[in-house]
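Working notes, beginning with the structure itself.
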Amino acid sequence: MTSASGGADMVDWNLAVATATRLVRPGPEVSRAEAAAVVAELRRHALEAEEHVRAFTGMRSSSLAAAAATPVLVVDRPGWVRANVAGFRTVVQPLVEKLQARRANSAAAGVFGAVGEKATGIEVGALLAFLATKVLGQYETFAPAEPSLEAPDSPAALFDKPRLGPEGPGPGRLLLVAPNIVHVERELDVDPSDFRLWVCLHEETHRTQFTAVPWLRDHIQSEVQSFLAETDVDPGALLERLRDAAGSLGAGLPGAGNREGRESASAGSLLEIVQSPAQREILGRLTAVMSLLEGHADVVMDGVGPAVVSTVAEIREKFQQRRDRGANRLDLVLRRLLGMDAKLRQYQDGAVFVRAVVEQLGMEGFNRVWTSPNTLPTKDEIHDPAAWVARVGR
């Protein structure tokens, strides 16, 4: 039961990184000088965005140490993969231990252990290769503890190289994926410098949320661990749910012509459909929190934007059109399976909630949402801001 990473894992994490690195598509073509300029500008914009976000939101880091402990890393696509593998290893460890206990009692464990780790490593690697081309930036809540960076491959290396771990949970870190940012700014044909600052405003808002609200990370981690603890590891039950989910999702794909199937598929991703009732309850709370965080970041980037990003109206219009256009059939299937459609809804629903509360109570009144876990909006309140105002705001 020992993986290539040298520990008792259910996933060969090193193989996952190697697979993703081989499969991930290369980024846009740029010269080395252009790449260096992009990296340098993203670092400058990240620092600039920090002050803009604090001034607009009124949120301040709980301490200088808290802010300093959450670094900003500019990475390429393989670097994003490495960072997320390190985060995965940290957050899923309780589930790994649960699965290991079940497998230890299986007569086939010795035969299939190493094979299973490698197969899962390849699957995880393929998934990360797909996602690595989609993400512009990310606040990595469950980043491993420092040291978070490996020595660069060469003195002239441009990008930060996150360490794979496992050092245990750390305070978090902000990732900016330079090739993806360049790809989208070219696709939209917008001012590159303005677009980079606009992206940094969104991602820096997430960093501010977690450094200014000390209990937020522990609260989310507790919910995630409760979710994993409820995971049904019985293969038969899981297979039955997977079959039902696959049929539901298939009926809802474009061209299926089944209205009921589409409604069923729209209810959630594959990951949501195979959950237990207890997990769905936890997921409801997590969805509300993530909608709040994503919507808040969208509101901040658009609120700060007009003052510091001269072309923000053009950027927002083109970016929203890009979201609305969707993608090809295969991309739609993958997005639905991975819950990425739900991610887009979080931006929209959360932004509506934040704007409605700020309109009624002002930014100071809205900031009561950060008082404690009890003042976070419920899943129903995200869609009914007046209910949250009645419960908490006044």
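In this text, all values refer to a predicted model and were calculated from it rather than measured experimentally.
- Salt-bridge annotation for D160 and R173: absent, with no side-chain N of the basic residue lying under 4.0 Å from a carboxylate O of the acidic one.
- Salt-bridge check for R285 with E281: passed, with a basic side-chain N closer than 4.0 Å to an acidic carboxylate O.
- Ring pair F210/Y139 is parallel by interplanar angle, where below 30° counts as parallel and above 60° as perpendicular.
- Contact of the W80 side chain with the V75 side chain is registered, since non-hydrogen atoms from C-beta on lie closer than 4.5 Å.
- The CD atom of Q138 lies 11.5 Å from the CG atom of N180; values are rounded to the nearest 0.5 Å.
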Just do the salt bridge (Lys or Arg N to Asp or Glu O under 4.0 Å) check on R207 and E203 with the steps written out, would you?
CA-CA 7 Å; R207 184 167 175 259; E203 303 307 333; over 6 Å; no
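- With hydrogens and angles left out, the side-chain atoms of D194 and S310 include a donor and acceptor closer than 3.5 Å.
- The hydrophobic cluster containing L176 also contains F319, counting ILVMFWY residues as joined when their side-chain heavy atoms lie under 4.5 angstrom apart, directly or transitively.
- Residues T205 and V304 form no side-chain contact, since every pair of their non-hydrogen atoms from C-beta on lies 4.5 Å or further apart.
- Here CG of D384 is found 9.5 Å from CZ of F353. Values are rounded to the nearest 0.5 Å.
- E359 and R355 are not joined by a salt bridge, as no carboxylate oxygen comes within less than 4.0 angstrom of a charged side-chain nitrogen.
- Here the options are V358, V354, V369, the test is side-chain contact (heavy atoms from CB on, under 4.5 Å), and the partner is H296; only V354 passes.
- The CG atom of L158 sits 9.0 Å away from the CG atom of D76 when rounded to the nearest 0.5 Å.
- The CG atom of L23 sits 11.0 Å away from the CZ atom of R25 when rounded to the nearest 0.5 Å.
- I122 has its side chain within reach of L15: a pair of non-hydrogen atoms, C-beta onward, lies under 4.5 Å apart.
- Atoms NE2 and CD, from H52 and E204 in turn, are 11.0 Å apart once rounded to the nearest 0.5 Å.
- Side-chain contact between E48 and C200: absent, with no pair of heavy atoms (C-beta onward) separated by less than 4.5 Å.
- Separating the CD atom in Q320 from the CG atom in L188 is a distance of 11.5 Å, to the nearest 0.5 Å.
- Side-chain contact between P179 and V182 is absent, with no heavy-atom pair separated by less than 4.5 Å.
- Side-chain contact between D302 and W198 is present, with heavy atoms from C-beta onward closer than 4.5 Å.
- At a threshold of 4.0 Å, the pair K318-E314 counts as salt-bridged, since one of the basic side-chain nitrogens sits closer than that to a carboxylate oxygen.
- Paired with V74 under the rule side-chain contact (heavy atoms from CB on, under 4.5 Å), one option of I181, V38, V39, V177 passes, and it is V39.
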Begin with the C-alpha distance, continue with both residues' side-chain angles, and end with the deciding distance and a verdict on side-chain contact (heavy atoms from CB on, under 4.5 Å) for E381 and V357.
CA-CA 11 Å; E381 286 171 343; V357 174; over 6 Å; no
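- Using a 30° and 60° split on the angle between ring planes, H206 and H202 fall in the perpendicular class, above 60°.
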Audit row: H45, V199, side-chain contact (heavy atoms from CB on, under 4.5 Å) steps and yes/no:
CA-CA 9 Å; H45 282 335; V199 171; over 6 Å; no
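- With contacts defined as side-chain heavy-atom distances shorter than 4.5 Å, the pair M59/V213 qualifies.
- If you chain together hydrophobic residues whose side chains sit under 4.5 Å apart, I382 and I220 fall into the same group.
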